[in-house]
Structure formats: C-alpha cells, structure tokens
Trainee: 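Here it is: the structure, laid out below.
Numbered from 1 within each chain, the chains take letters A, B, ... in sequence-line order.
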There are 2 protein chains.
Amino acid sequence: MKKRMQTLAKKRLIDFLSDRKLRLTSQRDFILKHFLDTEGQLTAEELYELLKKRDETIGHATVYRTLRLFVNAGIARELHLGDGSVRYEADIEGIRKGYLVCSECGKRVEFSDDEMDSLGKRLSKEHGFSIDNRSVVFFGICPDCQQNGMR
Amino acid sequence: MKKRMQTLAKKRLIDFLSDRKLRLTSQRDFILKHFLDTEGQLTAEELYELLKKRDETIGHATVYRTLRLFVNAGIARELHLGDGSVRYEADIEGIRKGYLVCSECGKRVEFSDDEMDSLGKRLSKEHGFSIDNRSVVFFGICPDCQQNGMR
DNA sequence: ATGCCTGCAAAATCTTTGCAGTAGA
DNA sequence: TCTACTGCAAAGATTTTGCAGGCAT
C-alpha cells in the first residue's frame with residue numbers, strides 16, 4: 001500500500017512532466033522517493049537537511065523548486081500550520097485531512113475533514129469558484145501543555 | 001456599531017496590558033485605531049505603509065510587535081491565505097469567518113463557517129485540546145479567472 | 001525613578017533568482 | 001543536439017533582535 005502510493009505518485013509526476021515537456025531527472029526522482037517516505041509534514045528546509053544526509057550534492061534551490069513542482073503536479077500539498085513556515089505533505093488522492101495544532105508546543109493531530117466536502121460544494125455553487133484545495137486548521141492547547149501550565 | 005467595536009477592542013487591549021503590567025502607549029493606541037478602521041485583511045507591511053502616511057515617525061518593528069501583541073490580546077487574528085504572507089484582521093468576538101481564495105488573482109470571498117463549531121467541539125473532546133482559534137480556507141479559481149482562461 | 005517601549009539598523013530566516021556548466025530526451 | 005535542469009552563491013522578501021534613548025506609570 002505504501003508501495004502503491006509511491007507508484008501512483010511517480011506515475012502522476014511522469015505524466016505531468018511529459019505533458020509539459022519537462023524532464024524526470026535523477027534529483028526529482030530522488031526527492032520524490034524520500035519525500036513520500038517521510039511521515040508527517042516537512043518544511044522545505046527539513047526535507048533538504050534530510051536529503052543532504054543521503055546525497056551531499058543536492059542543492060538547496062532544487063528542493064524548493066521541486067516541492068513547488070510537486071504541488072503543481074498534485075503530488076504534494078502546501079500547509080500553513082501557524083508556525084511561520086510552509087510545510088508540505090504527500091497529496092494522496094481521496095484523502096484530505098484537517099489539523100489540530102498546539103500553539104504552545106506545535107504538536108499536530110490529524111483528523112478527517114470529510115464533512116467539509118458539502119461546504120465546499122455549496123461555496124463552489126454560490127460563488128462560481130472551481131475549488132481544488134482547502135486548508136482546515138484548529139489551534140489550541142494540547143492536554144500536555146495545559147497540564148504543565150506553560151504560557 | 002463600528003464605534004462599539006472600537007470601544008470593545010480598546011477595552012480588551014487595556015485589560016490585557018494592565019493584567020501583565022504592560023503599557024498603553026500612544027503608538028499602540030494609534031495602531032489599534034487605524035487597524036480597526038481598515039476593511040479586509042492586511043499584511044504587517046501594508047499596515048505599516050498605511051500608518052506611515054499618518055505618522056512619519058512610526059517604526060517598522062513597532063507595527064510587527066504590536067500586531068503580535070494584538071493577536072495575544074485576542075484583538076487580531078492571523079491569517080494564512082496562500083499568498084506567502086501573513087495577514088491580520090480584527091478578531092471581532094462571535095464572528096468567525098472562512099475564506100475562499102482565488103489561486104490565480106488572489107481575490108478573497110468571506111463566508112460564515114459557523115458549522116465548524118460542532119466539529120471544533122468534537123475535536124476538543126476527542127483530543128483534549130482547548131481550542132481557541134481556527135482557520136478555514138478554500139482555494140480555487142474564481143469565475144473571472146476561469147473566463148479569462150489565464151493559467 | 002523604574003523599566004517597558006520605541007525607532008533604527010543590523011541580523012536572521014526563509015525563499016527565489018541569475019548564471020555557467022551538466023545531463024535528460 | 002537542444003534546452004531544461006542543477007548547484008552555487010547572491011539577492012530578495014519578510015520578520016526579529018539588540019541597543020540607546022524616551023516615556024508611561
């Protein structure tokens with residue numbers, strides 16, 4: 001299943017690239033593979049650091065450029081979870097998620113936000129937008145931080 | 001009603017400041033007044049430019065620091081609407097909004113996201129978080145951009 | 001008077017861009 | 001071969017921080 005996701009994503013990337021006469025380079029392949037292997041949500045910087053361990057020669061800009069490419073190809077999703085940086089996660093078809101984020105320690109909990117589908121449809125109809133993405137984030141304080149009384 | 005909002009926000013600021021032995025300075029008062037006067041959602045930079053017109057001496061950092069203060073005081077809300085910058089809007093009690101954003105031209109449409117309340121409550125119960133804010137954003141292409149076939 | 005607050009400028013982040021060489025198709 | 005792609009470094013953009021003086025309480 002993990003494997004299947006990898007295959008689908010790669011297929012999607014190849015289709016996207018060949019449609020636009022772009023190229024599947026070893027770097028793009030390498031970044032895709034490790035990006036899909038990660039759990040959770042990474043910043044471009046975090047992914048870069050992670051890749052750097054496996055391949056010293058990978059460039060900073062390449063990671064940024066490739067992540068944007070992945071977003072355009074529908075392979076990655078961009079997230080803003082309130083910590084001031086942009087995070088990316090695999091855009092697995094049919095699986096949309098919402099996030100519950102602790103403002104204190106940054107802890108993230110994912111939840112299914114399927115019930116947003118109908119809201120999306122209604123908004124689309126009401127305002128004539130073609131909707132292709134959404135971001136649902138709740139902010140609060142997690143149980144641990146409440147207990148420790150930090151603040 | 002506009003007036004009433006101003007009064008409430010100022011009261012809230014004063015309470016927040018005195019609770020923490022912070023001070024109500026002329027700059028904070030000045031920034032609050034003009035921040036509440038603006039419609040829509042501003043970046044710190046936009047607010048700075050706007051304030052600069054009224055008072056040449058206002059400092060860059062002061063605007064950034066004050067907006068963060070407003071967020072902590074519950075007077076302002078921080079928004080990430082996908083254009084890469086942080087935006088702020090007045091946090092008027094009882095009024096929560098969601099946003100529909102055009103990925104092409106940046107056009108923003110606000111909608112009531114009251115139906116998220118129950119989801120928030122459920123998440124709070126399930127995960128033990130105390131939830132105090134949320135961000136609901138839909139991305140898509142607005143009717144105008146669909147017509148002009150930009151992309 | 002105390003010490004929080006301000007403006008300035010420099011620093012720190014994070015991200016993008018220009019360029020010369022490299023390598024897919 | 002042709003031109004997109006890469007790594008590097010520099011530039012950009014946005015936000016934060018250090019500091020000396022100013023001002024609210």
Trainee: Counting heavy atoms from C-beta on, name the nucleotide in dT15(D), dC5(D), dC4(C) closest to the side chain of Glu45(B).
Mentor: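 Selected nucleotide: dT15(D).
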
Trainee: Could you give the OH-to-P distance, from Tyr64(A) to dT17(C), as a whole number of Å?
Mentor: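 One finds 13 Å between P of dT17(C) and OH of Tyr64(A), rounded.
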
Trainee: Could you tell me how far apart His60(A) (NE2) and dA10(D) (P) are, to the nearest whole angstrom?
Mentor: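 After rounding, the reported distance stands at 15 Å.
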
Trainee: Which residue lies toward the 5' end of DNA chain D, Ser85(B) or Ser26(B), if each is placed at its nearest nucleotide?
Mentor: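 Taking each residue's closest nucleotide, the earlier one in sequence belongs to Ser85(B).
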
Trainee: Starting the side chain at C-beta, find the nucleotide from dG7(D), dT16(D), dC5(C) nearest to Gln27(A).
Mentor: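 For the Gln27(A) side chain, the nearest candidate turns out to be dG7(D).
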
Trainee: Rounded to the nearest angstrom, tell me the gap between atom CG in Leu42(A) and atom P in dC14(C).
Mentor: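 One finds 14 Å between P of dC14(C) and CG of Leu42(A), rounded.
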
Trainee: If you assign each of Leu22(B) and Ala61(B) to its closest nucleotide in DNA chain C, which residue comes earlier from the 5' end?
Mentor: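 Final value for this comparison: Leu22(B).
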
Trainee: Quick one: Arg28(B) CZ to dG7(C) P, roughly how many Å, whole number?
Mentor: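 That distance rounds to 11 Å.
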
Trainee: Return the orientation label for the His127(B) and Phe129(B) ring planes: parallel under 30°, perpendicular over 60°, tilted otherwise.
Mentor: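 The rings of His127(B) and Phe129(B) stand perpendicular, inter-plane angle above 60°.
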
Trainee: Rounded to the nearest 0.5 Å, what separation is found between the OG1 atom of Thr66(A) and the CD1 atom of Ile31(A)?
Mentor: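 If we round to the nearest 0.5 Å, Thr66(A):OG1 and Ile31(A):CD1 are 3.5 Å apart.
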
Trainee: Please state how far atom CD in Glu56(A) lies from atom C1' in dG7(D), giving the value in whole angstrom units.
Mentor: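 Taking CD of Glu56(A) and C1' of dG7(D), I get 13 Å after rounding.
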
Trainee: dT6(D) phosphate, OP1 or OP2: any side-chain N/O from Thr25(A) under 4.0 angstrom?
Mentor: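 Yes, within the criterion.
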
Trainee: Angle between ring planes, Phe70(B) versus Phe35(B), binned at 30° and 60°: parallel, tilted or perpendicular?
Mentor: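 Rings of Phe70(B) and Phe35(B): tilted, 30 to 60°.
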
Trainee: For dT6(C) and Thr57(B) - does any side-chain N or O of the residue sit under 4.0 Å from the phosphate oxygens OP1/OP2?
Mentor: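 For dT6(C), neither OP1 nor OP2 has a side-chain N or O of Thr57(B) closer than 4.0 Å.
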
Trainee: Mind calculating the distance between CG (Leu13(B)) and C1' (dC5(C)) to the nearest angstrom?
Mentor: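 Result: 14 Å.
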
Trainee: Give a yes or no answer on whether the side chain of Gln146(B) reaches the backbone of Ile141(B) with a donor-acceptor pair at less than 3.5 Å.
Mentor: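 Side chain of Gln146(B) to backbone of Ile141(B), a donor-acceptor pair under 3.5 Å: yes, one is there.
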
Trainee: Determine the contact category for Arg68(A): base if any of its heavy atoms lies under 4.0 Å from a base atom, sugar-phosphate if only primed atoms, P, OP1 or OP2 are that close, otherwise nothing.
Mentor: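 It contacts sugar-phosphate atoms only.
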
Trainee: Could you check how far OH of Tyr48(B) sits from C1' of dA9(C), rounded to whole Å?
Mentor: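 It works out to 12 Å between those atoms.
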
Trainee: Using side chain to side chain contact (heavy atoms under 4.5 Å, CB included) as the criterion, point out the one residue from Ile75(A), Leu36(A), Leu32(A) that pairs with Lys10(A).
Mentor: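 Testing Lys10(A) for a side chain to side chain contact (heavy atoms under 4.5 Å, CB included) against Ile75(A), Leu36(A), Leu32(A) leaves exactly one candidate, Leu32(A).
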
Trainee: Tell me the interatomic distance from Arg23(A), atom CZ, to dT1(D), atom P, rounded to whole angstroms.
Mentor: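 Atom CZ in Arg23(A) sits about 14 Å away from atom P in dT1(D).
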
Trainee: Taking atom types as they are modelled, is there a donor-acceptor pair under 3.5 Å from the base of dG7(D) to the side chain of Arg65(A)?
Mentor: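 Counting by modelled atom types and ignoring angles, a donor-acceptor contact under 3.5 Å is found here.
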
